[in-house]
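To start, the structure itself, in structure tokens.
The shown structure was predicted, so the numbers you read here are calculated from the model rather than taken from an experiment. Ligands are counted one by one from 1 in listed order, and the atoms in each one are counted from 1 as well.
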Amino acid sequence: MNDKLKSQQFETRAIHVGVVPEDGTRGVTPGIYPSTTYRVLYPGDESGYVYSRWANPTRKALEETLASLENGTNAYAFSSGLAAMHAVLSMLKPGQHVIACADLYGGTRRQFERVWRNFGIDFSYVDGRNAADFEKAFTSKTALIWMESPTNPLLRLIDIEQVASIAHKHGALLAVDNTFATPFLQKPLDLGADIVHHSASKYLAGHCDVVAGALMVKDKGLAEKLFFNQYAIGAQLGPFESWLVLRGLKTLHLRMERHSHNAMKVVEFLESVPQVKQIYFPGQDGKPVPNKMRLPGGMVSFELKADFETVKKFATATQLFVLAESLGGVESLINHPAAMTHASIPKDVREANGVTDSLIRLSVGIEHADDLVADLRQAFGSL
Ligand SMILES: *Cc1c(COP(=O)(O)O)cnc(C)c1O
């Protein structure tokens with residue numbers, strides 16, 4: 001990236017950073033470079049590309065854009081969000097301890113509990129809305145805090161700045177899963193986090209057509225360790241998928257504005273529905289909003305005053321909102337966490353964390369807000 005671009009606004013960098021300067025075609029978008037290997041000038045030459053697991057031009061264009069958008073110095077793209085997380089956890093050693101927020105993506109908890117525990121790593125979970133919860137859970141072995149904000153699926157906000165200062169006071173690292181907010185709404189590295197994690201399968205790519213993950217950092221030592229884990233473990237993102245994420249990023253700012261606008265309209269409607277027991281939406285509980293999120297984002301959760309079967313019926317009664325896992329695409333999705341995204345979490349643990357059988361999570365897309373509200377209205381009418 002040239003120096004002039006560095007000082008430009010987010011929207012401009014999203015569109016202009018990811019070009020491939022060494023490409024002689026002068027294309028205004030980068031090419032997809034499938035070559036696994038590259039001509040070297042002499043045995044041992046590492047002056048250019050060598051082998052695509054190590055570096056690839058299309059992936060590099062994406063990684064430079066991702067680093068720029070999160071205000072980091074380096075980014076690494078992986079074959080999924082969970083593969084990116086794996087590269088972070090691979091920095092730990094047996095005996096070490098991780099503290100995570102309890103309201104957490106189901107697959108994150110599954111990897112912690114069913115993969116990493118087998119390698120001798122220990123985990124504790126805390127509510128975290130009061131940052132002191134993290135401090136109380138520290139042990140002499142704690143090496144990492146892993147958090148989301150907003151959390152999934154209850155959309156709680158956790159104060160990244162406060163958690164970062166607690167982590168650093170005790171010599172631990174803070175990794176923030178920024179999938180729900182995206183760097184357009186919140187930049188954890190600016191708030192003191194050491195590592196930003198993304199499932200790029202969601203808002204970053206934005207069209208439900210690619211599975212991808214990413215890590216961003218601004219510390220040289222951490223960058224070296226994560227780059228090592230990327231090429232030593234080998235779960236990096238392929239060139240075609242890199243290109244898809246890069247294309248998605250160019251409209252991230254427009255999409256996040258519309259997702260947020262539509263989500264606010266949906267919340268306004270839900271507030272008027274007698275069958276709705278409680279709405280979960282960033283900033284909704286009336287408390288001052290930490291982290292200075294620019295807009296609330298496109299995720300809305302709510303509890304129905306209804307039994308499991310009725311909630312299931314509601315989840316299949318919408319027509320525009322597609323009943324499906326995942327989130328963050330242009331199309332609206334509806335999810336029943338207890339039966340879908342969070343079904344892998346034991347029922348007692350899930351319920352203790354507030355993810356009840358009557359919870360519905362919406363990923364509000366960028367269709368017309370009036371059509372989305374009308375769809376929800378007819379679904380409530382069908383109960
Ligand atoms: C989807 C998701 C993940 C996992 O990412 P994959 O790309 O599906 O591997 C992690 N964290 C959050 C918050 C997610 O929504």
Can you tell me how far CD of Glu135 sits from NE2 of His170, rounded to the nearest 0.5 angstrom?
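It is 3.5 Å, given to the nearest 0.5 Å.
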- request: Taking the six-membered ring for Trp and the single ring otherwise, decide whether the centroids of Phe184 and Phe10 are under 6.0 Å apart.
  value: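 Yes: the rings meet the under 6.0 Å criterion.
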**Asked** So do Leu304 and Thr310 actually touch side chain to side chain, heavy atoms under 4.5 Å?
**Response**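 Answer no - side chains too far apart.
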Next item on the list: Flag the pair Asp194 / Val217 as yes when at least one side-chain heavy-atom distance between them is below 4.5 Å, and no otherwise.
Entry: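 SC-SC contact between Asp194 and Val217 ruled out.
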Note every protein N or O atom lying under 3.5 Å from an N or O atom of ligand 1, pairing the names and giving the distance.
residue  : atom   : partner : partner atom : Å
ligand 1 : 5 (O)  : Ser199  : OG           : 3.0
ligand 1 : 7 (O)  : Gly81   : N            : 2.9
ligand 1 : 7 (O)  : Ser199  : OG           : 2.8
ligand 1 : 7 (O)  : Ser201  : OG           : 2.7
ligand 1 : 9 (O)  : Gly81   : N            : 3.0
ligand 1 : 9 (O)  : Leu82   : N            : 2.9
ligand 1 : 11 (N) : Asp177  : OD2          : 2.7
ligand 1 : 15 (O) : Lys202  : NZ           : 2.8

Around atom NZ of Lys225, are there more than 12 heavy atoms of other residues, nucleotides or ligands at under 6.0 Å?
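It does not: Lys225 NZ has 12 such atoms or fewer within range.
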Linking Ile, Leu, Val, Met, Phe, Trp and Tyr through side-chain heavy atoms less than 4.5 Å apart, which residues share a cluster with Ile345?
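Besides Ile345, the cluster holds Val349.
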